[in-house]
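Heads up: the structure comes next, in structure tokens.
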Amino acid sequence: MTDGEDPMVDLRRLRGSIDNIDAALIYLLAERFKCTKQVGRLKAEHAMPPSDPAREDQQVARLRRLAEEADLDPEFAHKWFAFVVAEVIRHHEAAADAT
């Protein structure tokens with residue numbers, strides 16, 4: 001910001017960027033869940049368990065590394081992943097119940 005510039009201009013610009021990023025995140029999550037729902041159907045069709053703890057552990061380690069590289073708190077990345085995985089497992093259990 002330069003001297004004399006209205007801080008509200010910067011605030012609106014930054015908020016616009018945040019809104020765009022939030023929209024992108026929502027669409028990315030929607031795409032992710034489309035894939036995980038297909039995984040859930042595949043698991044249900046082949047009587048596979050809804051969760052895969054070994055895969056989840058690998059993903060946690062991978063996401064923690066990525067978070068560190070991105071200068072994001074790895075614990076936050078872990079919490080986010082745990083939240084998403086809980087929802088994915090719920091979908092997989094529902095798919096299994098539907099078969």
For the student: nearest non-hydrogen atoms of P74 and A67, plus distance: CA-CB, 3.8 Å
Under the side chain to side chain donor-acceptor pair (under 3.5 Å) test, residues paired with E75 that sit two or more places apart: R64
Check for me, please, whether V85 and L42 land in the same ILVMFWY cluster - side-chain distances under 4.5 Å, paths through other members count. no
Applying salt bridge (Lys or Arg N to Asp or Glu O under 4.0 Å), which residue pairs with at least one partner in residues 46-58 are found, sequence neighbours left out? none
Residues two or more places apart in sequence or in another chain: which of them pass side chain to side chain contact (heavy atoms under 4.5 Å, CB included) with L25? I21, D22
Should V39 and M48 be regarded as members of a common hydrophobic cluster, given that ILVMFWY residues are connected when their side-chain heavy atoms come within less than 4.5 Å of each other, either directly or indirectly? no
Would a hydrophobic clustering, with Ile, Leu, Val, Met, Phe, Trp and Tyr connected at side-chain separations under 4.5 Å, put L29 with L72? no
In chain order, what residues pass the side chain to side chain contact (heavy atoms under 4.5 Å, CB included) check against E93, with sequence neighbours excluded? P50, I89
Correct closest heavy-atom pair for V84 and R32 would be CG1-NH1, 3.5 Å
Determine whether K37 and V88 make a side-chain contact, defined as any pair of heavy atoms from C-beta on separated by less than 4.5 Å. no
Kindly compute the distance separating CZ (R12) from OG (S17), expressed to the nearest 0.5 Å. 13.5 Å
Pairs meeting criterion ring pair (Phe, Tyr, Trp, His ring centres under 6.0 Å) with involvement of residues 33-54, two or more places apart: F33-H91
In short, A95 meets G40 closest at the heavy-atom pair CB-O, 3.8 Å
Walk me through it: do E31 and K34 pass the test salt bridge (Lys or Arg N to Asp or Glu O under 4.0 Å)? CA-CA 5 Å; E31 285 300 310; K34 286 177 188 175; 3.0 Å; yes
Should R62 and Q59 be marked as a side-chain contact (heavy atoms from CB on, under 4.5 Å) after you check the CA-CA gap, both sets of side-chain angles, and the distance that decides it? CA-CA 5 Å; R62 179 178 161 271; Q59 285 297 91; 3.5 Å; yes
Interatomic spacing from OG1 in T36 to CZ in R41 - rounded to 0.5 Å: 9.5 Å
Strictly by ring pair (Phe, Tyr, Trp, His ring centres under 6.0 Å), give each pair with a member in residues 48-90 just once, sequence neighbours left out. none
For R90, what residues pass the side chain to side chain donor-acceptor pair (under 3.5 Å) criterion, not counting sequence neighbours? E87
Could you list the residues that satisfy side chain to side chain contact (heavy atoms under 4.5 Å, CB included) with L11, not counting sequence neighbours? M8, R15
